[in-house]
Amino acid sequence: MYYIGIDIGGTAVKIGQITENGEVLRRKQYSVSFDQYRTPVLHTVLNATDTFLAEEAIDSNNLSGIGISATGQIDSANGIVVGTCGNIPGWAGTPLKQAFHERYKLPVTVINDANCAALAEQWVGRAKNVSDAILLTIGTGVGGGIIVNDNILLGVRGLAGEIGHLSINCQGPTCTCKNRGCLEQYASMTALVKEVTRYYQIQDPLYLSSHEINGKEIFRLLQEGETAIQNLVDQWIYHIACGITGLVHIFNPSTVLIGGGVSTQEELFIKPLREKTLSMVMENFRKDLLIDSALAGNNAGIIGAVWYLVRTLCHT
């Protein structure tokens, strides 16, 4: 049995053919922001799907369904984008499930991209055979997915798992969601880049004229032993650990996984994050708790979307 997995992000859509065992046979990527969204993303993705099927000589009649991972707040029961935080013009209200079902006459499911990342880990990653797990994705923001009793936690409308908008400081900075002190204001890569940039603006403005501050540059500085940058990273890791600790105390998972590009930094990030978190978690919650990097990588969206589809079909 073969499925199509579609992962719709803010700048690109990934489309892949997935087997019933979670293997990615083919995958291509297409821009969704090529004309600054003047073409609605839905139209772009439908056209990209047609192109992918044609280029890869895939007959939609031989497919068992389409699983869609999408950025934003997703009403997974109805397959509709209900919120975007204003990042993609015209995205809110997009009826993804209806549009794809009408086009291809196949079963279609739609779920948030961060939840898909957690589902991918459950199917083929480090949360395989695990009944309770949490995934955090660290990037421009902080996303996540929560698996409870072997099922992804969706809530009433499919909106659960907005880990980045857990407040860790009610007096903190205003977030894009309009609340204050949300985790992603402290724990995202954006937050770390902002702090390091501020440091150089004060201490060494000339450095900024010849260096771009990003995750790669920050970890290069760590490897060179820059003490001031190490202190900023330690504070950043502490904030991430605060968020994880709260989640562990609420959900009591056996596994916490970290996704995003920074998760490849085992010695400089994952290891100290693991040590800091385990030092903060209560003793009985800490027993046998695994904190590690996620495995699914760039294919997490399309794999997780198909796993959600497969499990939905099995229960219908």
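Just so it is clear, the values below take in all heavy atoms, side chains as well, and ignore hydrogens, waters and symmetry mates.
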Visitor: Taking ring pair (Phe, Tyr, Trp, His ring centres under 6.0 Å) as the test, write out the residues that go with Trp123, two or more places apart.
Guide: Trp307
Visitor: Where the side chain of Thr19 meets the backbone of Glu23, is there a donor-acceptor pair that is under 3.5 Å apart?
Guide: yes
Visitor: Taking Ser188 for the side chain and Gln185 for the main chain, is one N or O donor matched with an acceptor at less than 3.5 Å?
Guide: no
Visitor: If you round to the nearest 0.5 Å, how far is CD1 of Ile218 from CD of Glu195?
Guide: 10.0 Å
Visitor: With no hydrogens and no angle check, is any side-chain donor or acceptor of Asp75 less than 3.5 Å from a backbone partner on Gly79?
Guide: no
Visitor: Can you tell me how the ring of Phe219 sits relative to the ring of Phe269, calling it parallel under 30°, perpendicular over 60° and tilted otherwise?
Guide: perpendicular
Visitor: Is Lys271 salt-bridged to Glu266, cutoff N-O under 4.0 Å?
Guide: no
Visitor: Calculate, to the nearest 0.5 Å, the distance between atoms CZ and CG belonging to Arg26 and Leu53 respectively.
Guide: 10.5 Å
Visitor: How many angstroms lie between CD1 in Ile134 and CD1 in Ile258, if you round to the nearest 0.5 Å?
Guide: 9.5 Å
Visitor: Distance-only, no hydrogens or angles: does the Thr277 side chain make a donor-acceptor pair with backbone N or O of Arg274 under 3.5 Å?
Guide: no
Visitor: Are there over 12 heavy-atom neighbours, none belonging to Tyr2, within less than 6.0 Å of that residue's OH?
Guide: no
Visitor: Just by modelled atom types, is the Arg180 backbone N or O under 3.5 Å from a matching donor or acceptor in the Ser167 side chain?
Guide: yes
Visitor: Under the side-chain contact (heavy atoms from CB on, under 4.5 Å) criterion, do Leu192 and Val233 qualify, and how do the steps go?
Guide: CA-CA 7 Å; Leu192 178 59; Val233 171; 4.1 Å; yes
